Amino acid sequence: MAPRVRFAPSPSGYLHIGSARTVLFNYLFARSTGGALVLRIEDTDPSRSKEELAYQMADTLLWLGIDYDEGPRKGGPYGPYFQSQRTERHRAAAERLLAEGKAYRCYCTPEELAERREAAVLAGRAPRYDGRCRTLTAEEARALEAAGRRPAVRLRVPEEGVTVVHDAIYGDVEFDNAALDDFIILRSDGMATYNFASVVDDIDMRITHVIRAEEHLSNTPKQIHVYRALGVDPPVFAHVPMVLAPDRSKLSKRHGAVAVEEFREKGYLPEAIVNYVALLGWSPGDDREIFTMDELIREFSLERVSRTAAVYDVQKMEWINAQHLRRLPPAEVARRALPWLRKAGLAAEGAQVDQRLTAAVALVLERVRTLAEIPAAIEFFFRAPETYDEAGVRKHFAAEGAAERLAACRRIAEEVPSWTAEAIEAAYRAEAERLGVRPAELIHPTRLAVTGRTVGPSLFHLLELVPRDEAVRRLERAEAFVRAHAARA
RNA sequence: GCCGGUAUCGUCUAGUGGCCUAGGACGCCGCCCUCUCACGGCGGAAACCGGGGUUCGACUCCCCGUACCGGUACCA
């Protein structure tokens, strides 16, 4: 039977980087084994239920290239894929356990429970449910019911013995049943709790492998008891280590960007996010670090997933993003950068990628790490500089004879036989020789005059993309600037 | 508190008893390339949590401790 795995997030509206890693592993496992990935939204907590948020999350998965097989927006034979729409199944399952005596009604109120729990902790005892409703007689139950109490349903958990989780990543992990209490599977409002709903749904959806975050490992014995009570063999469990913030705490919003959507807005490529996140807790066993999705599918295996929590590091992700950026054709990078170019006013609303844009992007491709950096990097191709870099002015505009050299450069721009990088370079070097200066003494002032900066692409290649008359104007303006300042000094 | 897990450079990791003088990558520093920046190349600093065992031999196996993470809800 082909494996079936699932990703079951609560709908928060954004995809946490740790969750992204979890889905990715599920997806890689599914694709590498010929299995299917199900997306199920766990929205049983009514305060968190928002269908629209779930669709946003689904779109983010698709954007990442995680093309799940069943779930919201896709449908499938085991729907509905919103847990809130499966409450009848949960209730039916609970009824069955009740009828079979494997579960019982508990009439304690949340307030009473909290009180007792507090008392237990104070007394140094384990804060477990004491099982007082376990042996209620029918009359007692009726009396409680008559008093207006709405019961919750608890699972009868064996009081002795050991439950072992056979984890594909952590190995066999043993838990004493005595440490568990009879936990609630159905709340008094009739809604199933997580440990119950998710098992019932996993059974209904024929899930064979549960690959999820390590934080669920401790709850797995409870779920195994639910499987047993329901008479179903548990699936294979595989818990993947947590992703932590740089301070080793749980990654949260106060650590800056933690959602895939935020990285998307910051100009990260889906390929890079996938690649980086794959390396968090998984490694191929050799020195390779840059992978495409197809390569990951080919290489991935649960056996190579580590057991150690990983601290997430933006700098490395930036580097990986730069790697992927450079592997893309410049025209494609330009296309993807369009939204940022529009925002910067460098591209019109309906603008398409043209040759000049592509050439400009090609020149800065090795100088940027994200799409968001592109507008600033190529701005001077479209607009004359409004100011000159201050340190640059001191260095290249303040020297003796700076104005004359700029004038010489302007003449080259006017007279060079063809406006190509080769021709311009030849003219510059010849002129430098004639003047008896190093080529750099012409090159740097020109760059500052044309781009306003001291850093950037090779001058001659850059000039080629600036219209000749525009280059002449910028050089003239720089010459005037230098003369004005020299006069004042 | 109790239960569970984990522990290799700052970070991601390789390593499954001798191949380890502990390898790679990001970041950092230096040099080279060079019209600047970047890319690239070369080099450097940087780690086996502590203590006991087991063994001819432990980063690797066992125990204890410590630290960190997770669970312990009518949250998921």
Side-chain angles (χ1 to χ4, degrees), chain A residues 8-10 12 42-45 47-48 83 106 108-110 113-114 117 120-121 123-129 150-154 165 167 170-171 173-176 178-181 183-195 197-198 213-222 239 241-242 244 246 248-250 276 279-290 306-320 322 326 364-369 377 392 395-396 425 428-429 432 438-444 446-448 451 453-460:
Chain A
S10 54
S12 59
E42 304 221 326
D43 54 353
T44 34
D45 180 359
S47 63
R48 297 194 202 179
Q83 198 161 66
C106 171
C108 303
T109 66
L113 259 13
R117 191 166 29 243
V121 170
R125 283 178 288 119
R128 309 172 52 241
Y129 173 64
R150 298 261 64 88
V153 178
R154 287 182 186 270
V165 178
D167 193 274
Y170 284 90
V173 185
E174 297 186 0
F175 295 87
D176 268 324
L180 259 39
D181 59 5
F183 58 93
I184 288 172
I185 56 177
L186 212 59
R187 302 178 204 147
S188 50
D189 66 0
M191 297 292 283
T193 57
Y194 166 74
N195 284 125
S198 105
E214 191 262 351
E215 56 186 325
H216 294 288
L217 181 57
S218 296
N219 280 322
T220 306
K222 289 185 182 177
H239 289 91
M242 304 276 291
L244 271 24
R248 303 205 75 87
S249 69
K250 211 164 172 172
Y276 175 67
L279 260 18
L280 249 29
W282 173 85
S283 76
D286 54 41
D287 291 342
R288 287 171 301 160
E289 296 209 284
I290 303 303
S306 92
R307 281 172 287 275
T308 318
V311 171
Y312 143 93
D313 174 27
V314 210
Q315 289 197 117
K316 180 120 183 191
M317 187 157 94
E318 244 173 46
W319 177 78
I320 288 182
R326 281 181 224 137
V364 300
L365 208 47
E366 292 190 336
R367 279 162 253 261
V368 297
R369 290 161 89 89
K395 206 165 179 183
H396 306 301
E425 175 160 15
Y428 261 74
R429 295 202 183 274
R438 286 177 297 113
E441 292 177 70
L442 261 26
I443 290 169
H444 294 309
T446 303
R447 176 179 287 104
L448 188 59
T451 73
R453 305 185 215 173
T454 58
V455 302
S458 151
L459 179 71
F460 307 117

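To find a chain, count down the sequence lines: A is the first, B the second, and so on, and within it residues start at 1. The structure displayed is predicted, hence computed values, not measured ones.
- In this structure, Cys108(A) reaches the bases: a heavy-atom distance under 4.0 Å links it to at least one base atom across the strands shown.
- Remark: G43(B) base-pairs with C29(B); criterion is Watson-Crick or G-U wobble with both hydrogen-bond distances under 3.5 Å.
- For Arg248(A), the salt bridge (Lys or Arg N to Asp or Glu O under 4.0 Å) test picks out no residue, with sequence neighbours left out.
- Nucleic acid contact class of Leu280(A) (heavy atoms, under 4.0 Å, all strands): sugar-phosphate only.
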Could you give me the CA-CA distance, side-chain angles and deciding distance for Ile320(A) and Leu279(A), then say whether side-chain contact (heavy atoms from CB on, under 4.5 Å) is met?
CA-CA 11 Å; Ile320(A) 288 182; Leu279(A) 260 18; 3.9 Å; yes

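- Using a 4.0 Å heavy-atom cutoff across all strands shown, Ala310(A) reaches sugar-phosphate atoms only and no base atom.
- Every residue was checked against the salt bridge (Lys or Arg N to Asp or Glu O under 4.0 Å) condition with Lys222(A), not counting sequence neighbours, and none meets it.
- Judged by distance alone with a 3.5 Å cut-off, no donor-acceptor contact links the side chain of Thr193(A) to the base of C74(B).
- Across all strands, Thr109(A) comes closer than 4.0 Å to base atoms (heavy-atom distances).
- Across all strands shown, Thr308(A) has heavy atoms under 4.0 Å from sugar-phosphate atoms exclusively, and none from any base.
- The salt bridge (Lys or Arg N to Asp or Glu O under 4.0 Å) check on Arg438(A) picks up Glu441(A), with sequence neighbours excluded.
- Counting to the nearest Å, the P atom of A73(B) and the OH atom of Tyr194(A) are 15 Å from each other.
- Both distances falling under 3.5 Å, in either a Watson-Crick or a G-U wobble arrangement, place G65(B) opposite C49(B).
- Within the nucleic acid shown, Leu113(A) comes within 4.0 Å of at least one base atom, counting heavy atoms only.
- Applying the Watson-Crick and G-U wobble criteria (two distances, each under 3.5 Å), U16(B) pairs with nothing in any strand.
- Listed by chain and residue number, nothing satisfies the side-chain hydrogen bond (donor to acceptor under 3.5 Å, both in side chains) test with Tyr276(A) (two or more places apart in sequence, or in another chain).
- Among Leu365(A), Thr451(A), Val364(A), the one residue that satisfies the side chain to side chain contact (heavy atoms under 4.5 Å, CB included) test with Pro457(A) is Val364(A).
- Toward the 5′ end of RNA chain B lies the nearest nucleotide of Val311(A), the other residue of the pair Val311(A) and Ser218(A) mapping further downstream.
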Show each protein N/O and nucleotides 66-68 of chain B N/O combination with a separation under 3.5 Å, one pair to a line.
none

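- Across all strands, His216(A) comes closer than 4.0 Å to base atoms (heavy-atom distances).
- With U13(B), A76(B), G5(B) as the choices, the nucleotide that has an atom nearest any side-chain atom of Glu214(A) turns out to be G5(B).
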Heavy atoms under 4.0 Å is the rule here; annotate nucleotides 42-50 of chain B 5' to 3' with B where the base is hit, S where only the sugar-phosphate is, and - elsewhere.
---------

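- Contact annotation for Gly392(A): no contact, since no heavy-atom pair falls under 4.0 Å across all strands.
- When heavy atoms are screened at a 4.0 angstrom cut-off, Glu318(A) is found touching no nucleic acid atom at all.
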Can you pull every protein N or O that's under 3.5 Å from an N or O on nucleotides 32-36 of chain B?
{"unit_1": "C35(B)", "atom_1": "OP1", "unit_2": "Arg429(A)", "atom_2": "NH2", "d": "3.3"}
{"unit_1": "C35(B)", "atom_1": "O2'", "unit_2": "His444(A)", "atom_2": "ND1", "d": "3.3"}
{"unit_1": "C35(B)", "atom_1": "O2'", "unit_2": "His444(A)", "atom_2": "NE2", "d": "2.7"}
{"unit_1": "C35(B)", "atom_1": "O2", "unit_2": "Arg447(A)", "atom_2": "NH1", "d": "3.4"}
{"unit_1": "C35(B)", "atom_1": "O2", "unit_2": "Arg447(A)", "atom_2": "NH2", "d": "2.6"}
{"unit_1": "C35(B)", "atom_1": "N3", "unit_2": "Leu459(A)", "atom_2": "N", "d": "3.2"}
{"unit_1": "C35(B)", "atom_1": "N4", "unit_2": "Ser458(A)", "atom_2": "OG", "d": "2.5"}
{"unit_1": "U36(B)", "atom_1": "O2'", "unit_2": "Thr454(A)", "atom_2": "O", "d": "3.2"}
{"unit_1": "U36(B)", "atom_1": "O2", "unit_2": "Thr454(A)", "atom_2": "O", "d": "3.1"}
{"unit_1": "U36(B)", "atom_1": "O2", "unit_2": "Gly456(A)", "atom_2": "N", "d": "3.0"}
{"unit_1": "U36(B)", "atom_1": "O2", "unit_2": "Gly456(A)", "atom_2": "O", "d": "3.3"}
{"unit_1": "U36(B)", "atom_1": "N3", "unit_2": "Arg447(A)", "atom_2": "NH2", "d": "3.2"}
{"unit_1": "U36(B)", "atom_1": "N3", "unit_2": "Gly456(A)", "atom_2": "O", "d": "2.5"}
{"unit_1": "U36(B)", "atom_1": "O4", "unit_2": "Gly456(A)", "atom_2": "O", "d": "3.3"}
{"unit_1": "U36(B)", "atom_1": "O4", "unit_2": "Ser458(A)", "atom_2": "N", "d": "3.2"}

Protein within reach of the bases, or only the backbone? For nucleotides 23-30 of chain B, mark each nucleotide 5' to 3' as B, S or -, using heavy atoms under 4.0 Å.
-BBSS---

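- One atom, CG of Asp189(A), and another, P of A73(B), lie 18 Å apart when rounded to the nearest Å.
- Arg128(A) comes within 4.0 angstrom of no nucleic acid atom, judged by non-hydrogen atoms across all strands.
- Both distances falling under 3.5 Å, in either a Watson-Crick or a G-U wobble arrangement, occur for no nucleotide opposite C35(B).
- Side-chain proximity of Ser283(A) to the nucleotides U13(B), G70(B), A73(B) is greatest for U13(B).
- Listed pair Arg187(A) / A76(B) meets the phosphate criterion, a side-chain N or O lying under 4.0 Å from OP1 or OP2.
- Remark: His396(A) engages no residue in a side-chain hydrogen bond (donor to acceptor under 3.5 Å, both in side chains) (not counting sequence neighbours).
- Of all nucleotides present, only U72(B) satisfies the Watson-Crick or G-U wobble test against G1(B), with each distance under 3.5 Å.
- In this entry U60(B) has no Watson-Crick or G-U wobble partner, no candidate having both defining distances under 3.5 Å.
- The gap from the C1' atom of C20(B) to that of A47(B) amounts to 13 Å, rounded to the nearest Å.
- Arg367(A) is linked by a side-chain hydrogen bond (donor to acceptor under 3.5 Å, both in side chains) to nothing, counting only residues two or more places apart in sequence or in another chain.
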I'd like a table of atom pairs between the protein and nucleotides 19-22 of chain B - only N or O on both sides, under 3.5 Å - with the distance next to each one.
none

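- When the side-chain hydrogen bond (donor to acceptor under 3.5 Å, both in side chains) test is applied to Gln315(A), no partner is found at least two apart in sequence or on another chain.
- Comparing atom distances between the Met242(A) side chain and each of C69(B), A73(B), C12(B) picks out C69(B) as nearest.
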